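Lettering of chains follows the sequences in order, A, B, ..., and the numbering in each one begins at 1. Keep in mind it's a predicted model, so treat the numbers as computed, not measured.
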Amino acid sequence: MSGELTPSFSPADIEAPLYKKWVAAGYFKADASSTKPAFTIVIPPPNVTGSLHIGHALDHTLQDTLVRMKRMKGFEALWLPGMDHAGIATQNVVEKQLAADGLTRHDMGREAFIKKVWEWKSESGGAILDQMRRLGDSVDWSREAFTMDAGLSTAVLTIFKKLYDQGLIYRAERIINWCPRCLTALSDIEVDHQEDAGEFVQVRYGDGDVQITVATTRAETMLGDGAVAVHPDDVRYKDLVGKLVLLPLANRYIPIIADELVDPEFGTGAVKVTAAHDPNDFEMAVRHNIPFVVIMNEHGVMEGSDTRFDGMDRFVARTAVVEALRAEGRIMDEKRPYIHAVGHCSRCETTIEPRLSKQWFVKVAPLAKAAGEAVRDGRVRIEPEELAPRYFDWIDTMHDWCISRQLWWGHRIPVWYGPNDEVVVVGPGERAPEGFIQDPDVLDTWFSSALWPFSTLGWPVQSDDLKKFYPTSVLVTGYDILFFWVARMMMFGLFAMDGVQPFHTIALHGLVRDQYGKKMSKSKGNTVDPIEFMDTYGADALRFTLARGANPGKDQALAQDWIGGSRNFATKLWNATRFAMMNGATTKGDLPALDSLNAIDRWILSRLSQLISEVDVLLESFEFARACELIYHFAWDDLCDWYLELSKESLASGKSTDTKRVLGFVLDQLFRLLHPVMPFITETMWIALTENESLVIADWPVSNTEHIDKKAEKLVTELQEIITQVRRFRNDQGIKTSQKIPARFIAPDYIHDYVGAMAFVLRLELGEITPSAHCEIARVKVEFDLTHSIDVMAERARLEKDLSTAKKDKQTAEIKLANAGFMANAPEAVVIEIRERLAKTSAEIDRINAQLDNLTRI
RNA sequence: GGGUGCUUAGCUCAGUGGUAGAGCGUCUCGUUUACACCGAGAAUGUCGGGGGUUCGAAACCCUCAGCGCCCA
């Protein structure tokens, strides 16, 4: 039912039906055969296990804002949704379910387990998709993608083979990050470094002439030591280098070597070399031909040390080893707790164990170089640019990427091994030779997400989608996954697409923090639920709050009160629109000629025109916060507090049909401008007002420079000053709002047309009066006939306050103008401005003094 | 250790050379024919400290202090 709005705004009643309508109408569906220019965003794929958290809500709000704006601007806008298979996370979820029945994945076997995961996905996966509908995401559901889909899997095989053939994928035995709980290798970025309270002990090795004390935080690994290393220039140990020293407990002799890697300042300047259990030690061991002694199994349990510690958990062994060493009098010093950074599995928080193991790696140097260049030469822009150094810092020093995972859920590595150690990479559509066995591992989840901007568009098939929508326009994401994801997409995108970058712009936003600016975390209990917020305040209020807080690359604090404030804004708009419609606001017919309009109408059109051009520029440059701020103040201050108030008299008297048309126009344009951020409420109000089909497919407003009217703006500013002055007077005098005061205006001609409007706002009764008090600004005087005598004290206080302000302003102006340097160097316009300020404040001071004189006479 | 950002009103934050701003909170008054999820008015700041550049600095430079994030 158009043409009417319910007396109160109820988000819950309008949101779901509107979303259904939009999807049914196909507004979000992009057409690859369209002749319109393309605008593409691929969604950062949420985990299939995930649900919508407040960070998604922010990320999606910003993307939806851009996509909706571009759609209105006439672009063929595609926002492509989808999900990530999230290898470890998903496997953990399903394994946990199995564990409830006392089963492990090994009990089921690989094939059955994977089937189980797919079942889980179809039953419980993707909860986030419905939550995205709540938020109003204008994604093209017909193109929904999943990283394990057939098409995307083909993309994975294709690029794996291409990388392998060019020597960019290799298999090697290296020290990798190992999670003893997930039982898989992890890449560097899947490891979180936390400050842990550990221990730092100094252990004396050797006896008699050959003794040396080493420092360690992982005493148990000494059982696997292959050497002791010192810095080559360290005079303390010069004589010991080359000698063999007794390794306690293990009762082996190991060499003392010299290597540049050792920091002579750290600890005793001598370090133990445990080649199989530490990446730095590994490097040294390779250089010095030190044997790799593996003393721990995949579960982090001691094994193979041939000591009594075998069979102990690594942490139990740590204590036991230290005690055993102490018993031998070999502990020279110990610090406990010793706070140092320790790696933890980002999925399960288990302490990472560096482990010697054979894994597949991507050789990143050439790929990273291209990814760096694409940003350096300007093909890809990072917004805000302050974050670019962080990108370079990472990409210029990136280590080779360990891509194999000892999991079952994911893209299985397409490498087959023959009976005589032959290695064959099997591309899409190819078959492995008879008798070959496939590598059991799967690829890191980020391997497939790195292909997202083109695998979702059909690659490796040269599809219409790929031709139309690649490269994508902008990637909107939090700076926290710049390394995880963005850098990898850059590397693979440039490689797979023959140097064509995956996106033109990387627009980074910050993180949502709690109301005190603290990081949200489950352990702190300060997380918030966007769904609850939408239930309470509506999706528009949540979206507006997030967009209003989104300064490029900056974190934002969020509190429930902020969202309440946005809900209030929505209510305000709703009520203003109801009021406008009750008073006949219309969008029918042409806008009246400018010269036939009164100054108030011309003023709001002028303000609107500036708003449109400013908001447009701001949204195009990802300045969501500033754009929202401008809209908020235009709507609340200019439109509601001033334009509607100043128009009430003419609307009530029915004398102006022009105002009804202008009001309709302003609302129409405002709704268009605000629609990308608050789609639901604007759509509802706009349809009621215009009786048109949908704002989603309406045109984006264009600023009309002819509407800019400085004269009208100056006049209305003057009206605002008078009105504020009179309000202060009434307030200070304690005159009730409801009490009408007989009054008259003494003002120049150009004000006369607006005296009625002002009197209405100020509740003044115009007529011939005997004045007993007055207010005055610049060229306008308002005289009142007060039935009771005025509060002289209050009036004196008010005037004296104004006087002191004016005097201070005058003084600053005088000082400037008396400054020879200022007069000589300041630009002409600034000098004129200061002169005008001086004149204005001088007149102000005279006027106030006269009023104060008058007051003493009363 | 390397990189990077921040320090402005009680709180959270805008503000890149010309009289210090917003939201929320606070105080006073008020139901006037859209709205109390409201209106009107008010208070609140040596813009972290110290130097410098400039006619003029919250902003540019140097320096000190504190906080944060990323990486090692």
Asks: Can you tell me the base-pairing partner of B:rG45? Count Watson-Crick or G-U wobble geometry only, both distances below 3.5 Å, and say none if there is no partner.
Replies: none
Asks: Counting side-chain heavy atoms from CB outward, which of B:rC69, B:rG5, B:rA34 is closest to A:E386?
Replies: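 Of the options given, the side chain of A:E386 lies nearest B:rG5.
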Asks: Generate the contact string for nucleotides 8-15 of chain B. Rules: B means base contact, S means sugar-phosphate contact only, - means no protein heavy atom under 4.0 Å.
Replies: ----S-S-
Asks: Between B:rA22, B:rG39, B:rU4, which nucleotide gets closest to the side-chain atoms of A:P389?
Replies: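 In terms of side-chain proximity for A:P389, the closest of B:rA22, B:rG39, B:rU4 is B:rU4.
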Asks: May I ask you to say what A:T724 touches in the nucleic acid, namely base, sugar-phosphate or nothing, with a heavy-atom cut-off under 4.0 Å?
Replies: sugar-phosphate
Asks: If the P atom of B:rC37 is compared with that of B:rA42, how far apart are they to the nearest Å?
Replies: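 Their P atoms lie roughly 24 Å apart.
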Asks: Under a 3.5 Å cut-off for both distances, is B:rA58 Watson-Crick or wobble paired, and to whom?
Replies: none
Asks: Measuring to OP1 and OP2 of B:rC37, would you say a side-chain N or O of A:N568 lies under 4.0 angstrom away?
Replies: no
Asks: With a 4.0 Å limit, can you tell me whether A:K840 has a side-chain N or O closer than that to the phosphate oxygens OP1/OP2 of B:rU19?
Replies: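 So the side chain of A:K840 is outside the cut-off, no N or O lying under 4.0 Å from OP1 or OP2 of B:rU19.
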Asks: Across all strands shown, which nucleotide pairs with B:rC38 by Watson-Crick or G-U wobble geometry, both distances under 3.5 Å?
Replies: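 Result: B:rG30.
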Asks: For the side chain of A:K816, starting at C-beta, report the closest nucleotide among B:rC24, B:rC35, B:rG18.
Replies: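 That would be B:rG18.
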Asks: Cation-pi between A:R174 and A:F282: NZ/CZ under 6.0 Å from ring centre and within 45° of the ring axis?
Replies: no
Asks: Heavy atoms only, 4.0 Å cut-off, all strands: where does A:A824 land among base, sugar-phosphate and nothing?
Replies: nothing
Asks: What's the closest nucleotide to the side chain of A:K572 if the choices are B:rG23, B:rC38, B:rG30?
Replies: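 Nucleotide nearest to A:K572's side chain: B:rC38.
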Asks: Tell me which nucleotide among B:rG30, B:rC24, B:rA34 gets nearest to the side chain of A:K736.
Replies: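 So the side chain of A:K736 is nearest to B:rG30.
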Asks: Please check if the number of heavy atoms outside A:E721 that lie under 6.0 Å from its CD is greater than 12.
Replies: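 More than 12 within 6.0 Å, yes.
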Asks: From B:rU19, B:rG30, B:rU28, pick the nucleotide closest to the side chain of A:N731?
Replies: B:rU28
Asks: Please determine if a side-chain N or O atom of A:K648 lies less than 4.0 Å away from the OP1 or OP2 oxygen of B:rA34.
Replies: yes
Asks: In plain terms, say whether A:D278 and A:R218 are close enough for a salt bridge, that is, a side-chain N and a carboxylate O under 4.0 Å apart.
Replies: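 Salt bridge: yes.
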Asks: So, do A:W574 and A:F9 have ring centers that fall under 6.0 Å from each other?
Replies: yes
Asks: Looking at B:rC24, B:rG39, B:rC55, which one has an atom nearest to any side-chain atom of A:A826?
Replies: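 Taking heavy atoms from C-beta onward, the closest nucleotide is B:rC55.
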Asks: Ring of A:F579, cation from A:K648 - is the NZ or CZ under 6.0 Å from the centre and inside 45° of the axis?
Replies: yes
Asks: For the side chain of A:R727, counting heavy atoms from C-beta on, which of B:rC37, B:rG23, B:rA40 is nearest?
Replies: B:rA40
Asks: Can a side chain N or O of A:R390 be found less than 4.0 Å away from OP1 or OP2 on B:rC71?
Replies: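 The answer is no; no side-chain N or O of A:R390 sits under 4.0 Å from OP1 or OP2.
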Asks: Checking A:R548 against A:F624: charged group under 6.0 Å from the ring centre and within 45 degrees of the axis?
Replies: no
Asks: Are more than 12 heavy atoms from other residues, nucleotides or ligands located less than 6.0 Å from atom CD of A:E620?
Replies: yes
Asks: May I ask you to check if A:R727 and A:W642 form a cation-pi contact, with NZ or CZ under 6.0 angstrom from the six-membered ring centre and within 45° of the axis?
Replies: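 Yes; both conditions hold, so A:R727 lies above the ring face of A:W642.
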Asks: Going by purine N1 to pyrimidine N3 plus the second Watson-Crick contact, or the G-U wobble pair, all under 3.5 Å, which nucleotide sits opposite B:rG66?
Replies: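 WC or wobble partner is B:rC6.
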Asks: Looking at the side chain of A:R837, which of B:rU19, B:rG39, B:rC37 is the nearest nucleotide?
Replies: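 Closest of the options to the side chain of A:R837: B:rU19.
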Asks: In whole angstrom, give me the gap between the C1' atoms of B:rC47 and B:rA9.
Replies: 10 Å
Asks: Classify A:T737 by what it touches in the nucleic acid, base, sugar-phosphate, or nothing, heavy-atom distance under 4.0 Å.
Replies: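 Counting heavy atoms under 4.0 Å across all strands, the contact made by A:T737 includes a base.
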Asks: By nearest atom, which of the nucleotides B:rC71, B:rU4, B:rA43 is closest to the A:W394 side chain?
Replies: B:rC71
